[in-house]
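Note sheet for the following structure.
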Amino acid sequence: MANLARSNIFHRKARSAISILAVGVGVMLFLVLVGMSEGSLREVAERMMNVDADLMVHSAGWSPVIDQSTPLDMRYKERLQGVPGVDVATPVVIWRLVILRQGQNIFGIDPEYFSRVAGYRKIVAGRELKSGFEMVLDKRLSDAGGFEVGQIIERMGHPFRIVGIAETGVPVRIFIPIQTLQEILHAEGRASFFFIKCTSAQVIPEVAAEIEERFKGLAAFPLGNYYQALSGSFWGLRVFIRSVTAVALVISFLVILLATYTSVLERTREIGILKALGATRAFILREIIAESLAIAACGVILGYALSLLAKAAVELKYPLLTVDITWTRIFLAAGLGVIGGVLGAIYPGMLAVRKDPVVALSYE
Amino acid sequence: MKQIIEAVDLRKSYVKGREEVPVLKGINLTVEEGEFMAVVGPSGSGKSTLLYLLGALARPTAGKVTIEGKDITSLSERELAQLRRQKIGFVFQRFNLFGALSAYDNLEILSDISRDGTVNREEIKELLAKVGLREKLKFKPRELSMGEEQRLAIARAVVRRPAIILADEPTGNLDWDNAQIVLELFQSLNEAGQTIIMVTHNPQAAAYASRVLRLTDGRLFGQKED
Ligand SMILES: Nc1ncnc2c1ncn2[C@@H]1O[C@H](COP(=O)(O)OP(=O)(O)O)[C@@H](O)[C@H]1O
Ligand SMILES: [Mg+2]
């Protein structure tokens, strides 16, 4: 069987390569842009959910994902631990620092509870926090910035000594003793929120209800909901991610559409020949679709490869960003490529097969 | 002799801007089975237009064309495609081969288009040998000379054994040596019974035909009878 679709692809190598590349770039654009916004968000949420705690207790009206202030009295610790079902309550002061040109959350924590807050991630170099102007960084930040144990870095007007590097996966990238942070912020005796560990998973809802009942003005937030809270509470971020998704979808779609559109347009004359030879419209459309499907499929596969490269490149250049390439989006990208490719082919294909063969034949 | 194609008061106008420009102004023509007919006329006189109307590649403004007694001017798109597959073989001045396909595949694709197995492997090879392309089955059109390209196009036109071959300036892009080969090929096909209508502006080429008509001012005139 003389395979016109396949022969055309190989015959017009440059043209096919450009179309495949265009589809590939469209697919990559979509996967990487969306993967970067979603992935970075997920990575932040996942780290927080690694903490060995069940609840975050904070002032009602204070957001556990965006606020940085110290509205709570430290003495809540004992009172919270008095609630039945509460195993441990430990205070945290949350603050923000700019490191490596990027805003970073830092935790001021009770050094005694470091490993619990760190979700039992290992200290890969140095030691845990003790007191004074000390910092523990996470591995990703220390790798990205080339920081080492023993190094002194000046932040918030004070020289901090890096005493330890924790394995990646700890909730924030910088820890300092809570007392030190309180002194710097002139917030002695105050905390941003408490992590609560319950005696068992079953009692979490009861404990949360009991805390809100006993202490008017406090809210108990299940840590398991952190991802939803994070992606839901930043209205701007959510809009941003949706816009990125939409823009990436539309641009990729247009690029793919245009690639097949022009390639079919160039073939108007050949379509005229087919018609002169008695090919039916269905036959011609089938050929066109077969060809653009093959191009789209190659483009999608190339797009996957490009996405992996781009992911590696982004994560190398910006080590604190995460690009998530999920199966859902991989399938979506395939759909994008295939539907864009076929639609891009069908429209000019329909126009061409409707023309009188003579008109199509005289197309230059 | 059986009448194979007939045109009755055939008219074709093209719309240019707001004006309607008549190109064919009432053509009457009867072609009998086994004829080798040539239509001559200066370029722009409407020869291609006439051929396209006879071959169901375009629709007339008025008048009708019948092929084997059947009026083709009222056929549906699907029926027209079927007619082109079964009754007509076209040869163009610009060859119009598939550049991506080998010489062999340029013929074999007709099986795909027709889906009726009219074209088989042996026939294709035999035919390509007959037009002097025995050694070049795998060559792509751009690897052939222009004369070879046109012979390949002729092989493609005849492989489905159509009732009529319509050739539009088949020697227009060829030097005289190659033109002669092509014309002799037409002659030998005609001797085997093939009906051929060829349009050309070259009187030397027309001389190979058994009947020559002249297209002037949108009308056909007989030129010589033998
Ligand atoms: N698709 C078209 N639209 C408008 N005018 C056309 C078209 N095709 C041909 N013509 C005009 O019709 C006339 C006859 O053209 P054509 O049949 O190609 O002549 P020939 O083949 O004898 O050179 C020319 O003036 C040409 O410009
Ligand atoms: Mg012409």
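Computation of the quantities below employed the complete heavy-atom set of this structure, encompassing side-chain atoms and omitting hydrogens, waters and symmetry-equivalent molecules.
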Verify the neighbour count for atom [atom1] of [X]: are there more than 12 heavy atoms of other residues, nucleotides or ligands below 6.0 Å?
{"X": "Glu79(B)", "atom1": "CD", "answer": "yes"}
{"X": "Lys139(A)", "atom1": "NZ", "answer": "no"}
{"X": "Tyr227(A)", "atom1": "OH", "answer": "yes"}
{"X": "Ile339(A)", "atom1": "CD1", "answer": "no"}

Please look at Arg267(A) and chain B and tell me whether the side chain, the backbone, both or neither of the residue comes under 4.5 angstrom of a heavy atom of that chain.
neither
Given heavy-atom pairs under 4.5 angstrom as the criterion, report whether the side chain, backbone, both or neither of Arg12(A) touches chain B.
neither
Name the region of [X], side chain, backbone, both or neither, that has any atom closer than 4.5 Å to a heavy atom of chain A.
{"X": "Phe92(B)", "result": "side chain"}
{"X": "Ile88(B)", "result": "neither"}
{"X": "Arg121(B)", "result": "neither"}
{"X": "Glu77(B)", "result": "side chain"}

What pair of heavy atoms forms the shortest contact from Gly99(B) to His11(A), and how long is it?
O-CE1, 3.0 Å
Which pair of heavy atoms, one from Ala81(B) and one from Ala279(A), lies closest together, and at what distance?
CB-O, 4.1 Å
Contacts of residues 53-74 of chain B with chain A (heavy atom under 4.5 Å):
Leu57(B), Ala58(B), Arg59(B)
Gap separating the [atom1] atom of [X] from the [atom2] atom of [Y], nearest 0.5 angstrom:
{"X": "Leu361(A)", "Y": "Tyr52(B)", "atom1": "CG", "atom2": "OH", "result": "6.0 Å"}
{"X": "Ile113(B)", "Y": "Glu287(A)", "atom1": "CD1", "atom2": "CD", "result": "8.0 Å"}
{"X": "Arg286(A)", "Y": "Asp112(B)", "atom1": "CZ", "atom2": "CG", "result": "10.0 Å"}
{"X": "Arg84(B)", "Y": "Thr280(A)", "atom1": "CZ", "atom2": "OG1", "result": "10.5 Å"}

Tabulate, in ascending numerical order, the residues of residues 271-278 of chain A having at least one heavy atom closer than 4.5 Å to a heavy atom of chain B, or enter 'none'.
Ile273(A), Leu274(A), Lys275(A), Ala276(A), Leu277(A), Gly278(A)
